[in-house]
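Note that these values count all heavy atoms, side chains included, but never hydrogens, waters or copies made by symmetry. For the single chain, residues carry numbers from 1 onward in sequence order.
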Amino acid sequence: MADKASEILFPVTHFNLVRTILMNSKMSKSTVPILGAFMGVATVAVAEPYLQPGPEPTFHTQEAFSPESNFTAKWTRADARQIKRMSDPTAGSRQNSMPAEYTMPSIPQNFPDMSNEQVWVWDSWPLTDEDANQYSVNGQEIIFSLVADRNLGFDDRHVYAKIGYFYRPAGIPADQRPENGGWTYGGLVFDEGVTGEIFEDQSYSHQTQWSGSARIFPGGEIKLFFTDVAFYRDEDGGPDIKPYDSRLALSVGHVHANKHGVRFTGFNKVTSLLEADGTYYQTAEQNPYYNFRDPFTFEDPAHPGETYMVFEGNSAMDRTTAQCDADDLGYRDGDPYAETVTQVNASGAPFQIGNVGLARATNDELTEWEFLPPILSANCVTDQTERPQIYQQDGKYYLFTISHSTTYAAGITGPEGVYGFVGNGIRSDYQPMNQGSGLVLGNPTNLNYWPGSPFAPDYNQHPGQFQSYSHYVMPDGLIQSFIDTIGTKEDFRRGGTLAPTIRIEINGASSTVDYSYGVNGYGLGGWADIPANLNVNSGGQVKPLKK
């Protein structure tokens with residue numbers, strides 16, 4: 001709205017100066033009030049970011065509904081356009097235009113490699129229980145990661161990804177670990193060929209494994225939920241002969257850990273759990289570029305005995321005829337900045353129709369599942385709502401997901417990073433966090449310029465635009481991600497290892513980056529730091545991890 005500047009507690013020029021200093025220094029955020037006082041600004045640390053003129057966000061109630069209800073919350077265009085409203089239109093070339101409160105600290109380019117150059121590493125997840133507590137086993141922390149041979153080009157890794165694992169001794173503070181996090185690469189989880197057995201058409205050109213989640217059960221049993229994928233391409237690696245086949249899958253094994261290391265047994269059989277149905281979740285027939293992946297399982301205190309799963313999907317419309325409606329746009333009556341449905345549908349925005357799916361287990365072994373309607377749609381907002389997870393705090397349910405700057409629909413833009421929504425149950429009228437935008441933690445980004453791509457950053461973009469991705473929110477607001485690309489068009493370095501952990505403070509529908517956290521300064525924690533908060537021993541006893 002045009003007069004928003006009159007509502008904030010200090011002039012926008014002061015805010016932008018403070019933000020510029022904060023985002024380009026090693027200053028802890030705890031020093032911002034001191035800086036504000038020096039400038040004659042009493043409340044810099046708590047003032048909301050300045051908003052450019054634009055539409056108001058959609059009203060959302062956070063009301064909870066039954067998990068079986070057909071209510072689907074919407075991340076609307078009106079909501080997502082708040083991201084651009086928070087951007088500083090005066091930010092120059094290679095400067096960050098986004099509020100420091102929601103911006104990941106800049107990662108230095110001289111990062112260490114956690115695998116000692118054995119494999120590329122990207123999407124990673126810890127060993128958890130039904131409440132998302134993170135476990136060590138007999139004193140060994142364990143994580144699962146997508147890995148690929150380093151002989152592959154970094155951007156070729158996706159279609160040859162395998163699930164590997166790492167381990168390290170638990171309970172060691174980050175500042176006392178080796179610089180690269182102290183992980184030992186344990187190898188691949190699956191023997192060659194195991195994960196390809198579930199596909200009826202065995203003529204695939206190659207077969208890969210994508211992200212998921214891992215649950216620990218009594219006796220050291222591990223249920224590994226993941227995305228099983230088969231590609232069907234011509235002999236020269238060219239066009240697809242037919243669309244790829246993506247399944248949500250489960251494999252069961254056992255973990256064996258002692259002071260000497262970690263190994264697994266089992267994981268020699270894969271069960272196909274769910275395939276996109278074309279009713280709630282788009283299929284390959286509806287769109288050969290469909291998204292259906294990233295299972296995350298959990299239990300809900302409000303529904304004892306039930307196990308649920310969230311995952312990434314697309315709304316079940318045919319790609320060639322998909323249309324968005326007024327509810328997808330979400331504008332308030334009479335908003336002068338509103339778009340029309342006709343304008344949006346004519347813009348090409350209906351190609352981007354991401355959603356977050358929900359399923360429920362129908363047996364105790366978690367081998368049989370049923371679809372429920374999506375809990376969130378992002379029609380005409382973004383095509384990807386990757387790695388969704390449910391995070392519970394203070395009686396609230398937080399739905400976190402990640403999205404790329406380049407997967408937004410026409411007319412929408414935002415940083416690479418974490419987007420969050422808060423409600424009163426698994427299925428809620430989710431309210432996008434942070435002034436109704438949804439943005440929780442984005443890379444340093446200049447929305448005044450085209451982002452480019454990780455392998456070819458735009459000249460004017462901030463060096464951190466593609467610094468990290470695939471964020472995972474952990475207990476106490478810790479967030480882990482992997483390094484993609486850091487640097488400018490003339491001087492950038494590709495990643496393939498995990499980034500420093502950072503922390504956000506969550507308060508209702510708001511969050512802020514904790515710049516006082518960490519060991520590397522300016523809010524950056526340890527490299528590849530995914531700490532357990534519980535330990536299970538060989539007798540099955542679970543105890544809080546000693547610090």
Side-chain angles (χ1 to χ4, degrees), residues 112-116 118-119 121 123-147 163-190 212-226 251-267 297-298 472-482 497-503 517-520 525-547:
D113 175 39
M114 68 180 292
S115 80
N116 295 314
Q118 295 181 79
V119 288
V121 180
D123 299 11
S124 299
W125 58 96
L127 185 59
T128 65
D129 65 13
E130 67 278 6
D131 299 317
N133 289 301
Q134 297 181 185
Y135 277 75
S136 57
V137 180
N138 288 333
Q140 295 281 5
E141 292 177 342
I142 302 166
I143 61 172
F144 298 86
S145 300
L146 297 189
V147 300
I163 297 175
Y165 73 97
F166 293 81
Y167 60 89
R168 69 179 186 179
I172 299 175
D175 61 357
Q176 296 178 25
R177 292 190 182 276
E179 186 184 25
N180 70 352
W183 295 98
T184 296
Y185 178 52
L188 300 179
V189 171
F190 296 105
S213 56
R215 291 266 301 276
I216 187 167
F217 290 82
E221 182 183 73
I222 305 296
K223 293 184 185 294
L224 179 60
F225 299 88
F226 68 104
S251 188
V252 180
H254 283 79
V255 61
H256 309 273
N258 57 36
K259 64 181 180 180
H260 301 295
V262 172
R263 65 182 179 89
F264 295 107
T265 56
F267 296 127
T297 70
F298 61 98
Y472 180 91
V473 183
M474 302 182 288
D476 196 34
L478 300 180
I479 300 181
Q480 179 51 239
S481 58
F482 81 92
T497 186
L498 294 188
T501 294
I502 65 95
R503 181 177 181 272
Y517 173 79
V519 298
N520 288 311
W527 298 96
D529 191 27
I530 303 180
N533 62 300
L534 292 176
N535 184 72
V536 61
N537 64 26
S538 55
Q541 295 175 308
V542 175
K543 294 183 178 180
L545 195 65
K546 294 180 180 179
K547 299 295 185 183

Task: Donor-acceptor contact below 3.5 Å, side chain Gln176 vs main chain Pro173 - done: no
Open item on the list: Determine whether Asn180 and Thr497 satisfy the following criterion, side-chain contact (heavy atoms from CB on, under 4.5 Å), listing intermediate values before the conclusion.
Closed with: CA-CA 9 Å; Asn180 70 352; Thr497 186; over 6 Å; no
- [ ] Please report the C-alpha distance between Asn138 and Asn258 in whole Å, then the side-chain angles of each, then the deciding distance to 0.1 Å, and finally whether the side chain to side chain donor-acceptor pair (under 3.5 Å) criterion is met.
- [x] CA-CA 6 Å; Asn138 288 333; Asn258 57 36; over 6 Å; no
Open item on the list: Which residues pass the salt bridge (charged side-chain N to carboxylate O under 4.0 Å, His left out) test with Asp123, not counting sequence neighbours?
Closed with: none
TODO: Identify, with sequence neighbours excluded, every residue that meets salt bridge (charged side-chain N to carboxylate O under 4.0 Å, His left out) alongside Glu221.
DONE: Lys223
Between [X] and [Y], is any pair of side-chain heavy atoms under 4.5 Å apart?
X: Trp125; Y: Leu146; value: yes
X: Arg168; Y: Asp529; value: yes
X: Pro169; Y: Glu141; value: no
X: Val147; Y: Tyr185; value: yes
X: Val262; Y: Val137; value: no
X: Val542; Y: Tyr135; value: yes

Show me the side-chain donor-acceptor pairs of residues 474-481 shorter than 3.5 Å, one per line, residues at least two apart or across chains.
{"residue": "Asp476", "atom": "OD1", "partner": "Arg503", "partner atom": "NH2", "Å": "3.4"}
{"residue": "Asp476", "atom": "OD2", "partner": "Arg503", "partner atom": "NE", "Å": "3.4"}
{"residue": "Gln480", "atom": "OE1", "partner": "Ala499", "partner atom": "N", "Å": "3.3"}
{"residue": "Gln480", "atom": "NE2", "partner": "Ala499", "partner atom": "O", "Å": "3.3"}
{"residue": "Gln480", "atom": "NE2", "partner": "Thr501", "partner atom": "OG1", "Å": "2.7"}

[X] side, atom [atom1]; [Y] side, atom [atom2] - distance, nearest 0.5 Å:
X: Gln140; Y: His256; atom1: CD; atom2: NE2; answer: 14.0 Å
X: Asp129; Y: Thr297; atom1: CG; atom2: OG1; answer: 10.0 Å
X: Tyr167; Y: Arg263; atom1: OH; atom2: CZ; answer: 11.5 Å
X: Asp175; Y: Asn520; atom1: CG; atom2: CG; answer: 9.5 Å

Open item on the list: Evaluate Phe264 against Ile142 for side-chain contact (heavy atoms from CB on, under 4.5 Å), listing each step before the verdict.
Closed with: CA-CA 11 Å; Phe264 295 107; Ile142 302 166; 4.1 Å; yes
TODO: For the residue pair Phe267 and Phe190, categorise the inter-ring angle as parallel (less than 30°), tilted (30 to 60°) or perpendicular (more than 60°).
DONE: perpendicular
- [ ] Name the orientation class of the two ring planes belonging to Tyr165 and Phe144 (parallel below 30°, tilted from 30 to 60°, perpendicular beyond 60°).
- [x] tilted
What residues, two or more places apart in sequence or in another chain, satisfy side chain to side chain donor-acceptor pair (under 3.5 Å) together with [X]?
X: His254; result: none
X: Thr128; result: none
X: Ser136; result: Asn535

TODO: Given side-chain contact (heavy atoms from CB on, under 4.5 Å), test Phe166 with Ser145 step by step and report yes or no.
DONE: CA-CA 8 Å; Phe166 293 81; Ser145 300; 3.9 Å; yes
- [ ] For residues Ile530 and Pro126, report the shortest heavy-atom separation together with the two atoms involved.
- [x] CG2-CB, 4.0 Å
Task: Heavy-atom closest pair, residues Leu534 and Pro544 - done: CD2-CA, 3.7 Å
TODO: Please step through side-chain contact (heavy atoms from CB on, under 4.5 Å) for the pair Trp527 and Val519, ending with a clear verdict.
DONE: CA-CA 9 Å; Trp527 298 96; Val519 298; over 6 Å; no
